[in-house]
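Below, each value reflects all heavy atoms present in this structure, side chains not excepted, and no hydrogens, waters or symmetry copies.
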Amino acid sequence: MNLDHQITVKSMKPKIISLDQIKTVISKIDLINPIKEGFIAYSSGRAVVPPVGELLLDQGEVHIKYGYIKHSPCYVVKVASGFYNNPALGLASSNGLILLFSQTTGELIAILLDEGFLTDTRTAVAGAIAAEYLAPKKIKKIGIIGTGTQAKLQLLYLKEQTVCREVLVWGLNEKNLHAYRDEMEQYGFQIEVTSDIRGCLRHCNLIVTTTPAISPLFYLSDVQPGTHITAVGSDTPDKQEFDSNILKAADLVVADSMAQCRVRGEIHHAIKAKHVTEYEVTELGHIISGKRAGRTSEEQLTVIDLTGVAVQDIKVSEAVYNYLTTSKFY
C-alpha cells in the first residue's frame with residue numbers, strides 16, 4: 001500500500017514509526033535516486049520550501065525545516081537538533097522527529113521518531129550525490145575533517161561512489177580519532193588519523209568537512225589543485241569551516257539551495273566578503289538534471305555547500321514510510 005493510497009483514506013490513524021524500525025530497513029531502501037529527484041524538483045521551482053526556522057541556544061541549536069513538492073502526496077515538518085556537548089553526558093548529539101501530512105486533507109499520516117537519524121542519513125546521501133558529479137575521477141585519498149556521526153556516515157555513503165578506500169581523518173581529540181579509525185576500518189577502509197589539518201589537505205583530493213567550527217580551519221594555500229570539497233558542517237549564519245578565499249578561487253561553486261546559502265553556510269561568508277556573487281553559484285539540482293555542468297576536468301577546484309534542504313526530508317521520509325507500509329511492519 002503506497003503513500004498515494006494511504007492519504008485518500010478518511011480519518012486515518014497516523015502511523016508511529018520508531019528509530020529501531022527505521023534503522024532496521026534503511027539499508028534496504030534506495031535513497032540516492034529519490035533525493036536526486038528532490039534536488040531537481042527544488043531547482044526547477046516545483047518545491048515550496050520556506051526559510052529555515054531556527055533556535056540557537058546556549059547549549060545547542062534547533063532547526064525546523066518544512067515544505068512540499070507540487071503535485072506530490074504530502075508535506076513535511078521536521079524538527080532536528082544538535083547539542084554538541086551531549087556525548088560527554090553519554091547522550092547523542094542529534095535528536096528530532098519528522099511529521100508527514102497529507103497535502104490533500106492536511107491529516108497527519110505518520111510520525112517518524114528518528115531522533116535525528118534521518119537528517120544525518122539524508123545529509124550523507126547528499127554528500128555522495130555531490131561526489132558523483134563533482135569529485136575527480138581518480139581520488140587519491142579521502143580527507144574527512146571531523147570524527148562525529150556525520151564524519152562516519154559521509155564516508156559510508158561515499159563507498160558506493162568511489163573505489164578509493166584510503167582515508168585520512170583529522171580531529172583534535174586523539175581518543176575520538178582512534179575510535180573513528182577502529183570503527184570505520186571494519187567497513188573496509190584504510191584509515192590514517194592526524195591532528196595536522198594542513199597535512200590532511202596536502203594528501204587528499206576529496207575533502208569532506210563535518211565540524212561545527214565558527215572560524216576557518218584551513219585556507220586556500222592548504223588546498224591542492226584538482227580537489228573537491230564537500231562542506232557539511234556550516235549550516236547556520238555563524239558557522240564557517242574554511243576561508244572564503246577558497247570559494248573565490250574555485251572553478252565551480254555549488255549550493256544545495258541558493259536561497260539558504262545566501263544567509264548561512266560557506267557561500268554566505270563568501271558573498272559577505274565579496275569573494276563570490278550568487279550569480280556565480282550553481283545549484284546541485286541543475287547539475288543533476290543536466291541543465292548545468294558539474295566537474296569537467298581533473299584540474300578543477302570544486303566546492304559544494306550542503307546546508308540541508310527540506311526536499312531531502314520529504315523524500316527520505318516518504319521512502320521510509322512507503323517501505324514500512326508495504327512490509328511486515330504494518
Side-chain angles (χ1 to χ4, degrees), residues 39 43 126-146 151 154-155 158 161-164 166-170 194 196-211 213 215-235 239-258 261-262 264-288 290-307:
F39 281 126
S43 293
I129 292 169
E132 179 182 347
Y133 294 93
L134 301 172
K137 293 188 185 308
K138 186 175 181 180
I139 299 170
K140 298 179 291 186
K141 189 173 287 189
I142 301 168
I144 302 291
I145 307 302
Q154 286 285 335
L155 188 56
L158 279 173
Q161 296 296 341
T162 175
V163 298
C164 180
E166 293 189 36
V167 184
L168 186 54
V169 182
W170 173 87
T194 183
D196 175 15
I197 197 165
R198 291 183 174 181
C200 186
L201 272 290
R202 280 196 301 270
H203 291 98
C204 303
N205 62 340
L206 170 56
I207 304 292
V208 185
T209 66
T210 68
T211 77
S215 59
L217 298 170
F218 58 90
Y219 297 83
L220 178 60
S221 59
D222 303 320
V223 180
Q224 302 303 301
T227 295
H228 169 67
I229 301 172
T230 295
V232 176
S234 181
D235 58 356
K239 292 180 187 176
Q240 183 179 15
E241 295 189 277
F242 49 87
D243 184 68
S244 59
N245 276 299
I246 292 172
L247 283 84
K248 182 179 181 180
D251 298 284
L252 179 61
V253 178
V254 182
D256 54 2
S257 160
M258 192 59 240
C261 288
R262 288 189 191 102
R264 62 186 65 244
E266 303 297 337
I267 290 172
H268 155 68
H269 290 288
I271 291 174
K272 188 176 179 181
K274 299 188 184 328
H275 287 160
V276 299
T277 69
E278 62 181 87
Y279 305 105
E280 298 172 285
V281 178
T282 300
E283 278 194 342
L284 179 58
H286 289 316
I287 293 175
I288 297 169
K291 185 176 180 180
R292 301 283 180 87
R295 175 180 286 269
T296 55
S297 78
E298 292 295 280
E299 293 73 34
Q300 286 181 309
L301 171 60
T302 58
V303 181
I304 186 166
D305 196 1
L306 297 178
T307 58

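- Within the structure, salt bridge (charged side-chain N to carboxylate O under 4.0 Å, His left out) contacts touching residues 266-282 (residues at least two apart or in different chains) are Arg262-Glu278.
- Separating the OG atom in Ser244 from the CD1 atom in Ile271 is a distance of 10.5 Å, to the nearest 0.5 Å.
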### Task
Kindly indicate, with the supporting measurements, whether the criterion side-chain contact (heavy atoms from CB on, under 4.5 Å) is fulfilled by Leu217 and Thr211.
CA-CA 10 Å; Leu217 298 170; Thr211 77; 3.5 Å; yes
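- A search for ring pair (Phe, Tyr, Trp, His ring centres under 6.0 Å) contacts involving Tyr133 returns nothing, not counting sequence neighbours.
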### Query
Given the rule in the side-chain contact (heavy atoms from CB on, under 4.5 Å) test, do Thr209 and Ile144 qualify, once you have shown the distances and angles that lead to the verdict?
CA-CA 6 Å; Thr209 66; Ile144 302 291; over 6 Å; no
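- Looking at residues two or more places apart in sequence or on another chain, you find no side chain to side chain donor-acceptor pair (under 3.5 Å) involving Thr210.
- For the atom pair CG of Leu168 and CZ of Arg202, the computed distance is 10.0 Å after rounding to the nearest 0.5 Å.
- Looking at every heavy atom in both residues, Ala255 comes nearest to Cys261 through CB-SG, 3.7 Å.
- The side chain to side chain contact (heavy atoms under 4.5 Å, CB included) check on Lys291 picks up His286, Ser289, with sequence neighbours excluded.
- Applying the side chain to side chain donor-acceptor pair (under 3.5 Å) criterion to Gln300, with sequence neighbours excluded, gives Thr296.
- One finds the CD atom of Glu283 at 10.5 Å from the CD1 atom of Ile288 (value rounded to the nearest 0.5 Å).
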### Task
Show your reasoning for whether side-chain contact (heavy atoms from CB on, under 4.5 Å) applies to Lys138 and Glu298.
CA-CA 8 Å; Lys138 186 175 181 180; Glu298 292 295 280; 4.1 Å; yes
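- With Ile304 as the fixed residue, the side chain to side chain contact (heavy atoms under 4.5 Å, CB included) test singles out one of Leu252, Leu134, Ile129: Leu134.
- Atom CZ of Arg264 and atom OG of Ser234 lie 9.5 Å apart (nearest 0.5 Å).
- Between Ser43 and Leu284, the closest side-chain pair of non-hydrogen atoms is not below 4.5 Å.
- Remark: the backbone N or O of Ile142 is not paired with any side-chain donor or acceptor of Asn205 at under 3.5 angstrom.
- Scanning all heavy atoms of the two residues, the minimum distance from Ala131 to Leu158 falls at CB-CD2, 3.5 Å.
- Annotation: side chain of Thr230 is not in contact with side chain of Ile207 (no heavy-atom distance under 4.5 Å).
- Sorted by first and then second residue, the pairs that involve residues 239-250 and meet salt bridge (charged side-chain N to carboxylate O under 4.0 Å, His left out), not counting sequence neighbours, are Glu61-Lys239, Asp235-Lys239.
- Residues satisfying the ring pair (Phe, Tyr, Trp, His ring centres under 6.0 Å) criterion with Phe39, sequence neighbours excluded, are absent altogether.
- With sequence neighbours left out, Ala250 forms a side chain to side chain contact (heavy atoms under 4.5 Å, CB included) with Val253, Leu301, Val303.
- Shown here are the side chain to side chain donor-acceptor pair (under 3.5 Å) partners of Gln154, two or more places apart in sequence or in another chain: Gln150.
- The line from OG1 of Thr307 to CE of Met258 is 9.5 Å long, rounded to the nearest 0.5 Å.
- For residues 217-234, the salt bridge (charged side-chain N to carboxylate O under 4.0 Å, His left out) pairs, not counting sequence neighbours, are Arg198-Asp222.
- Among Ile229, Ile197, Val232, Val208, the one residue that satisfies the side chain to side chain contact (heavy atoms under 4.5 Å, CB included) test with Ile145 is Ile197.
- Heavy-atom minimum distance, Cys200 versus Thr194: CB-CG2, 4.2 Å.
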### Task
Kindly determine whether Phe218 and Val223 satisfy side-chain contact (heavy atoms from CB on, under 4.5 Å), including the steps that lead there.
CA-CA 8 Å; Phe218 58 90; Val223 180; 4.2 Å; yes
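- With sequence neighbours excluded, the residues forming a side chain to side chain donor-acceptor pair (under 3.5 Å) with Thr302 are His228, Arg295, listed by chain and number.
- Atom CG of Asp251 and atom OG of Ser297 lie 6.5 Å apart (nearest 0.5 Å).
- Here the side chains of His275 and Leu247 are not in contact, with every heavy-atom distance at 4.5 Å or above.
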